[in-house]
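This report refers to the structure that appears directly beneath it.
Predicted model, so just to flag it, every value in this text is computed and none were measured. Nothing fancy with the numbering, it's 1 onward along the sequence. Scope of the values below: all heavy atoms of this structure, side chains included, with no hydrogens, waters or symmetry mates.
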Amino acid sequence: MNLKRLFYTILVYGLFTLLVGCGNTFVSKKVSNYDDSKNSGYYLSLANSSSGSTKTDWQLLAVRALIKENNFSLANELLSKLPSTLSAEQQTDKLLSQGEIATKTGRSFSLSGLSVQGMTNSQLYRYYTIKLALDGKKKDINAQAHDYIELANNAQDRQKRQVINDTWSFLSKLSSDQIRAILVYENETILRGWIDLTYAYKSNSQAPVTQEDDTPEIIADKAQRQKDSLKQAINNWLMQYPQHPAKEILTVLTGEQMLSVDNVDAKKVALLLPLNGSSRIFGETIRQGYWDAIKYYPHEPQQNVVVLDTSTASMDSLIQQAQEQNVELIVGPLLKDEVNKIKQIAPSIPVLALNKVDNSPTSAKKMCYFALSPEDEAKDAAEHIYAQNKYRPLLLVPQNDLGQRVAQSFAKQWLQLSGNSSQAYVQYFGNAKSLSANMNHNSGIRLTGDPILINGMSSDSTLPTGEAEGFDSVYIYASYDELTLIKPMLDMGASKSLGNTPSSITLYSSSKSHIVNASKDFYYDMNQTQYADIPMIVNEPNSSITIPSNIQKDYSLTRLYAMGIDAWRLANRYNQLDSHQTNFLDGMTGKLSTTDQCEITRSLSWQQYTYGEDPTTPKSE
């Protein structure tokens, strides 16, 4: 009888253990089963309809979605409302979310409360992302290099390409002394491969030295020899590391990468643009660029294009027309409200939208975004300025929503580049009328600014707060008329000429202030100021095809014309577009890459205003 009782006791205990284990497994799956295509509203609705531990799981997933949406205030509020008693995995998830918020907002965070033992790959990826930001803040290059290796070890397939790109971006910016400071142990083959690739690239990618009497043929021959030397060095590296993950970006390093066109004949495309009303000039200019693209790239496939006017019909009606005509791809629409609408409709036809909207998920078959956005230009400016070893930038932007968006975009990119070790500052200015009034009263602009707070979050206490000075770089996002007033007022405020004399301060401006017929006084004032613009404008004097005269006289139209050309080329490659492709196309609007959710970004050409030279042939940087 005792044996029988013992048997039932063991059996019941075993079943109880199994059930408890299943319960923990269920919770674990809930916490870790994060779908980044779902927004915070989705997870919050599930949390509101749940209770107990399940409710906590959904709340933690909602926090992750809020972090992705940069809604840090609400994420912190939700974290503060979690129950005090959490499972081990829930506690880990909570700490990881707190660390992500801290690093994204420039605050301090300690990893001491987290142990990598028992973490899932997803949790480890988040852990090393946080650690990478903290090590960057400490400028611990050796630790950062190892963090990138750990990120690659724990990345999901869709994350791996971005980790590879980020690893190369980090290593390629290091000096030889910094690279030598990285400790590589005998069993760290992947890290050793990265180091050797960096050395091979840096040793063979220097621009060839030219002499004053070099003919164009000699210069071209030197450039070709340099290119061949780099290709040979990369090939030698690949023989030594045939399975290294960096092999995916080798064609980018050698300048050979070109995303090939889709394997289809005469793709049928619906081009959705506003061809009437106040936006007519924008739509017609993009359409002209789209039509003319074949002149610039005659070897690419023709397209069967149907043009639909978004200003005369509803989006539902236009999509129905496209479906009835068996369209394979929609290019457009252009206006932000219309892009929001087509995103909500989520048509079965793939879409290449010509604007960007919020990062909420879409259920469309496939939707990519291509835009000439000021936010993207601000990110590119941050990259360029940081690459010139500047560490304390001041932004001068208009006091309006556009200026705030530009400042936020620049600051986010700057924090990422600097590993939260330095901060961007901003000073807002009024319109041209108020600037002119201040100038008439001899009121200059002092180089002072306030920290740019990311989505309203205060910065780390270790970074300066309040009004600051001592900047080494100034990025001015302004129109031509505004900049003609701002530059003299900066000189007035500093009691000396800034930027165009030997100085520790470098001035940078955006494409917004770069116009066709700038005055000689403007070039005098802006001498040595660096500015960004699209390759079509920069390379225009050397172009073999003339831009239409009605567009050539207005750079703002030229940019839209170039956008039409690039949209045509992107349509020819649409089936191969995906997230995290770097410099896959040398476009008329810049070097094109993709980020999350197939957003296409651009690297611009940076130039320098030079007084006394022909303004149509700016000096390249």
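Under the rule for a side chain to side chain contact (heavy atoms under 4.5 Å, CB included), the partners of Ser519 that lie at least two apart in sequence or sit in another chain are Tyr480, Asp521, Phe522. Residues satisfying the salt bridge (charged side-chain N to carboxylate O under 4.0 Å, His left out) test with Lys553, not counting sequence neighbours, are none. Considering only residues two or more places apart in sequence or on other chains, Arg602 meets the salt bridge (charged side-chain N to carboxylate O under 4.0 Å, His left out) condition with none of them. Residues that satisfy the side chain to side chain contact (heavy atoms under 4.5 Å, CB included) test with Asp337, not counting sequence neighbours, are absent from this structure. Considering only residues two or more places apart in sequence or on other chains, Glu100 meets the salt bridge (charged side-chain N to carboxylate O under 4.0 Å, His left out) condition with Arg126. Residues forming a side chain to side chain contact (heavy atoms under 4.5 Å, CB included) with Ser45 (at least two apart in sequence, or on another chain): none. Under the rule for a salt bridge (charged side-chain N to carboxylate O under 4.0 Å, His left out), Asp525 has no partner lying at least two apart in sequence or in another chain. In this structure, Ser605 has no side chain to side chain donor-acceptor pair (under 3.5 Å) partners at least two apart in sequence or on a different chain. Residues meeting the side chain to side chain contact (heavy atoms under 4.5 Å, CB included) test with Ala382, sequence neighbours left out: Phe410, Gln413, Trp414, Leu417. Taking Tyr125 as the reference, nothing meets the ring-ring contact (aromatic ring centres under 6.0 Å, His included) condition, with sequence neighbours excluded.
For Glu377 (side chain) and Ser511 (main-chain N/O), a donor-acceptor pair under 3.5 Å exists by modelled atom type. For Ser593 (side chain) and Asn583 (main-chain N/O), a donor-acceptor pair under 3.5 Å exists by modelled atom type. With hydrogens and angles disregarded, no donor-acceptor distance shorter than 3.5 Å links the side chain of Ser40 to the backbone of Ala62. Side chain of Tyr574 to backbone of Val351: a donor-acceptor contact under 3.5 angstrom is found. Panel note: side chain Asp450, backbone Val426; no donor-acceptor pair is recorded below 3.5 Å. Although no hydrogens or angles enter the test, the distance criterion places no donor-acceptor pair under 3.5 Å between the side chain of Lys379 and the main chain of Lys412. A donor-acceptor pair under 3.5 Å is formed between the side chain of Glu328 and the backbone N or O of Lys268. Under a 3.5 Å cut-off, the side chain of Asn276 and the backbone N or O of Ser311 do not form any donor-acceptor pair. Using modelled atom types, no side-chain atom of Ser409 and backbone atom of Val406 make a donor-acceptor pair closer than 3.5 Å. Without hydrogens or angle criteria, Asn48 side chain to Leu44 main chain gives a donor-acceptor distance under 3.5 Å.
Outside the 6.0 Å centre-distance limit, the rings of Tyr508 and Tyr475 are not counted as a close aromatic pair.
The closest side-chain heavy-atom distance from Gln288 to Asn550 is below 4.5 Å. Residues Leu151 and Gln162 fail the side-chain proximity criterion, which asks for heavy atoms closer than 4.5 Å. Under the 4.5 Å side-chain criterion, counting only non-hydrogen atoms from C-beta, Ile476 is not in contact with Ser513. Looking at Asn355 and Pro333, their side chains never come closer than 4.5 Å, going by heavy atoms from C-beta outward. Taking 4.5 Å as the limit, some side-chain heavy atom of Ile600 sits within range of a side-chain heavy atom of Leu577. Counting only heavy atoms from C-beta outward, the side chains of Trp568 and Glu300 approach each other to under 4.5 Å.
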Take Lys390 and Thr506, measure what side-chain hydrogen bond (donor to acceptor under 3.5 Å, both in side chains) needs, and give me the verdict at the end.
CA-CA 9 Å; Lys390 303 295 183 181; Thr506 304; 3.0 Å; yes

Apply the test side-chain contact (heavy atoms from CB on, under 4.5 Å) to residues Met588 and Tyr296: give CA-CA distance (whole Å), side-chain angles for both, the deciding distance (0.1 Å), then the verdict.
CA-CA 10 Å; Met588 293 291 191; Tyr296 293 85; 3.3 Å; yes

When you look at Tyr290 and Gln303, which way does the side-chain contact (heavy atoms from CB on, under 4.5 Å) test go after all the steps?
CA-CA 10 Å; Tyr290 205 92; Gln303 295 176 18; 2.6 Å; yes

Report the C-alpha separation of Leu604 and Ile534 in whole Å, then their side-chain angles, then the decisive distance to 0.1 Å, and conclude whether the side-chain contact (heavy atoms from CB on, under 4.5 Å) test is met.
CA-CA 6 Å; Leu604 299 176; Ile534 65 170; 4.2 Å; yes

Set out, in order, the CA-CA distance, both residues' side-chain angles and the distance that settles side-chain contact (heavy atoms from CB on, under 4.5 Å) for Asp166 and Leu132, then state yes or no.
CA-CA 11 Å; Asp166 291 345; Leu132 175 63; over 6 Å; no

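Listed by first and then second residue, the salt bridge (Lys or Arg N to Asp or Glu O under 4.0 Å) pairs that reach into residues 528-539 are Asp533-Arg559, sequence neighbours excluded. Screening residues 279-288 for salt bridge (Lys or Arg N to Asp or Glu O under 4.0 Å) gives Arg280-Glu284 as the qualifying pairs, with residues at least two apart or on separate chains.
The line from CD1 of Ile345 to CG of Leu318 is 9.0 Å long, rounded to the nearest 0.5 Å. Note that OG of Ser509 is 11.0 Å distant from NZ of Lys487, once rounded to the nearest 0.5 Å. Note: Ile551 CD1 to Asp292 CG = 7.5 Å, rounded to the nearest 0.5 Å.
With respect to Arg569 and Asp566, no salt bridge is recorded, no charged nitrogen being found less than 4.0 Å from a carboxylate O.
The environment of Lys104 atom NZ is sparse: at most 12 non-hydrogen atoms of other residues, nucleotides or ligands sit within 6.0 angstrom.
Residues Ile281 and Leu557 share a closest heavy-atom pair of CG1-CD2, 3.8 Å. Contact between Pro535 and Gly587 at its shortest, heavy atoms only, is CG-O, 3.7 Å. Of all heavy-atom pairs between Gln427 and Leu394, the closest is N-CD1, 4.1 Å. Of all heavy-atom pairs spanning Ala567 and Val331, the tightest one is CB-CG1, 4.3 Å. The two atoms that bring Phe429 and Ala478 nearest to each other are CZ-CB, 3.7 Å, heavy atoms only. Of all the heavy atoms in Leu329 and Leu352, the pair that sits closest is CD1-N, 4.2 Å.
With 3.5 Å as the limit, one finds a donor-acceptor pair spanning the side chains of His384 and Gln530. At a cut-off of 3.5 Å, with distance as the only test, a side-chain donor of Glu324 or Gln320 sits close to an acceptor on the other residue.
Taking the ring centre of Phe584 as origin, the terminal cationic atom of Arg573 falls outside the region bounded by 6.0 Å and 45° from the ring axis.
By the 30° and 60° cut-offs, the orientation of the rings of Tyr523 relative to Tyr609 is perpendicular.
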